[in-house]
Amino acid sequence: MGNVENLGARPDPVVRVDSAFFWEACERGEFVAQRCEGCERLWHPPRPMCPICHSTEKSAAALSGKGVVMSYVMPVHPPAYGFAEPPIAALIELEEGLRFVGTLVDVEPASIRVGMPVQVSFAATSGGKAVPVFRPTEDIT
Amino acid sequence: MSRRAVIAGIGQTEFSKDSGRSEQQLAAECVTSACIDAGLDPHAIDGMITFALDHSDEVDVMRSTGAQELKYTVRLPQGGAASVTSVVHAKNAVESGMCDAVVIWRAMNERSQYRFGQPHQSLSPDAHSSTFIEWCFPFGAQTPAAWEVLSCGTYLDTIGVTTQDLGRIAVILRRAAATNPLAQFYDRPITLEDHQASRWIVQPWLRLLDCCQESDGGVALLVTTEERARDLRQKPVRILGAEYAFCFNHEIISDFYEGDLTRLHNSEAVTKRLTAAAGIAPRETDVAMIYDNFTPQVLRQLEGFGYCGYGEAKDYVADGHLDLDGRTPLSPNGGLLGEAYIHGMNNFTEGVRQLRGTAANQIADAQTVFMASGVAGAILGI
Ligand SMILES: [Zn+2]
C-alpha cells in the first residue's frame, strides 16, 4: 500500500481499544477494515461485536484502497485544527462496499466531482502517526 | 378515563451571545418560567427531562426550583434530536401515570462559555457513537458544519440543488425572525444576494447564512395531563402524536454509513408511525417547525417527512409553500437560524405559541403544528 508520506502537520488520530488495529495498520502503510471471524463480513466503523452473527472474534482484512467520492467538504471558517492549508475531507465508498471519511490530496477543489475514483496512501501526523489520504486515480477510463 | 398529555407551560430566557450568568441559572430560570406560565408551583415538578449534552444536573435544578420529589428523570442522546424525543418521553411519563408534572429543559452558554461550532476533539474511551470525532477529526472534518456537508452532499449533488436553493430557506427564516422581537435576528432580514455574498464556512455548500448561530439561553416546557391543565392558566396544547426512529447503523450528524444517502430513512419511518398515531400527516398540519441547524436539513426533512416527493423539496421551497402565507409555513419564529439555536427547544415554544394564538408572526387559525428533529417528529394540536 506504499510508504507513509510526509504531507505536513496533521492531527493525530484518536485511538480507542476497538479501533487500535486500524491505526496500527496505518503505521505499517496498510489500509484495513475489521473482519468478523464468525461470518467474514467487513465492518466500518469498527465495533466490538458483529451485528449479524454476534461473534466478538475479529481480524484486520486488507482492503484495495480504491473507492469513489460520495461527498466532500473543505472547511474554510473556522480553520481546521492541525492543518496548514484547508483540508478536503471526503466520504468515500470503498470498493468493498464500506464507507470511509478520508482526506483528499493532490486535487483542486473545483475539479472534485461525486463519483470520482480515488486511491489510498498514507500521510504522517504531527505526532508521528499515520492516517490514510486519498488522491484521484490517473487511470480513469 | 385515559390520561392525555398536554403542554401547559412554556418558559425561556432571552437569547444572546453572552447571557452573563451560569447555565445552571438559565436552567432554573426557564424551568421556573414554564411553571409560572402554566400557573403551577415549581415545587410540584415530579419529572425532569433534558439532553445528554446539557450541563445542569437534576439535583442542581431541584435545588433552585424547589422541586420536592422526582419520580422520573431521563437524559436523552443524539444531540439536537433530543428536542423532539424529549416530548416522546414526557408524553409517556404522563400518560402512563408515572408523573403529573414533567419539565423538559435545555440551557446552554454555547456562545459565551464554549463554542459549539468550533473544532471538537473531546472523546471518551467508549466513544458515545462519536464517529464524528474518531472517524472525521483526523481528516479535517471537525465541526458540525463539516459533518453536515459530508452527510448531505450526496443528496445535494444527486438532486442538483444549488446554493441559491439553500439561500431561499435562509431568506424565509430571516424574514420571519425580522418581525419576531424575541429573535436574535429581530429586524435584520436578509436577501438572497446577502446570502450569496456571505462568506464560506465550508465549501462547497454552507455559507455563513446557511448556518445557525451559537446562542446563549434556556428554554423549558411543562407537560402535564389534560385534566390537570383545566385548572391551570393556559390553553393546553395537546400532543397528538410523538414518535422517533433510531435505525441500525445510523447516527445523528455523521450519518453516512448506511443506506441511500439521498433519503432520510429515520424520518420516513417516523412519518408512518406518527401519521397513524396522530391521525394527521405532517404535511397536513398548519405550521412546519423543522430543525434547521443548517439549511440542507430543511430540504431533506421536507422529503423525509412527506411534504413533497423525492427530489422536490427545492421546488417546494421556491414555490413559496414555506412562506408565512404559504401552504405549510416554516418556523414563523425564524427557526434556529433566525431566532436562536437552543438545540431545537425554542422551536417548541413557538409551536405552542402558534396554537395558543400568541405568536409574533401568528399563522391565522393554526390548529396543528408539526415538530421535527430528523429522527423524531411530534404533532401538536388544540
Ligand atoms: Zn459476523
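A, B, ... follow the sequence lines: proteins, then strands. Residue 1 opens every chain.
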Requested in this report: Drop me the distance from A/Phe100's CZ to B/Tyr257's OH, to the nearest 0.5 angstrom.
Outcome: 7.5 Å

Requested in this report: Work out which heavy atom in A/Ser19 is nearest to a heavy atom in B/Glu134; give both atom names and the distance.
Outcome: OG-OE2, 2.6 Å

**Report entry** Option that, when pairs with chain A are counted at under 4.5 Å, heavy atom only, ranks first among B/Gly153, B/Ala145, B/Cys136, B/Gly140
**Finding:** B/Gly140

Requested in this report: Could you walk me through whether B/Trp135 and A/Val14 pass side chain to side chain contact (heavy atoms under 4.5 Å, CB included), step by step?
Outcome: CA-CA 8 Å; B/Trp135 296 104; A/Val14 183; over 6 Å; no

Query raised in the report: Does any heavy atom of chain B fall under 4.5 Å from the side chain of A/Pro51, the backbone, both, or neither of them?
Result: side chain

Requested in this report: Measure from the side-chain N and O atoms of A/Arg10 to the backbone N and O of B/Pro138, and report whether any donor-acceptor pair falls under 3.5 Å.
Outcome: no

Query - Heavy-atom pair of closest approach, residues A/Pro11 and B/Gln142 - result: CG-NE2, 3.9 Å

Requested in this report: Measure across B/Pro119 and A/Pro78 and return the closest heavy-atom pair with its distance rounded to 0.1 Å.
Outcome: CD-CG, 3.9 Å

Query raised in the report: Are any non-hydrogen side-chain atoms of B/Phe139 and A/Pro132 less than 4.5 angstrom apart?
Result: yes

What donor-acceptor contacts under 3.5 angstrom involve side-chain atoms of residues 201-212 of chain B, with partners at least two apart or in another chain?
unit_1   : atom_1 : unit_2   : atom_2 : d
B/Arg207 : NH1    : B/Gln196 : O      : 3.0
B/Arg207 : NH1    : B/Ser198 : O      : 3.4
B/Asp210 : OD1    : B/His195 : NE2    : 2.9
B/Asp210 : OD1    : B/Thr295 : OG1    : 2.8
B/Asp210 : OD2    : B/His195 : NE2    : 3.1
B/Asp210 : OD2    : B/Arg207 : N      : 2.9

Report task. Would you check if B/Asn249 and A/Arg47 make a side-chain contact, meaning some heavy-atom pair closer than 4.5 Å? Result -> yes

Query - Contact class of B/Phe248 relative to chain A, heavy atoms under 4.5 angstrom - result: side chain

Query raised in the report: chain A heavy atoms under 4.5 Å from B/Leu261: which part of the residue, side chain, backbone, both or neither?
Result: side chain

**Report entry** Those residues of residues 68-77 of chain A, ordered by number, that approach chain B below 4.5 Å (heavy atom to heavy atom)
**Finding:** A/Met70, A/Ser71, A/Tyr72, A/Val73, A/Met74, A/Pro75, A/Val76, A/His77

Query raised in the report: Pick from A/Pro46, A/Gly115, A/Pro86: which one has the most heavy-atom pairs with chain B under 4.5 Å?
Result: A/Pro46

Query raised in the report: Which residues in residues 89-96 of chain A have a heavy atom less than 4.5 Å from any heavy atom of chain B?
Result: A/Ala89, A/Ala90, A/Leu91

Requested in this report: Verify the neighbour count for atom CD of A/Glu40: are there more than 12 heavy atoms of other residues, nucleotides or ligands below 6.0 Å?
Outcome: no

Query raised in the report: Quick one: side-chain contact (heavy atoms from CB on, under 4.5 Å) partners of B/His250, sequence neighbours excluded?
Result: B/Cys247, B/Asp255, B/Glu258, B/His265, B/Asn266

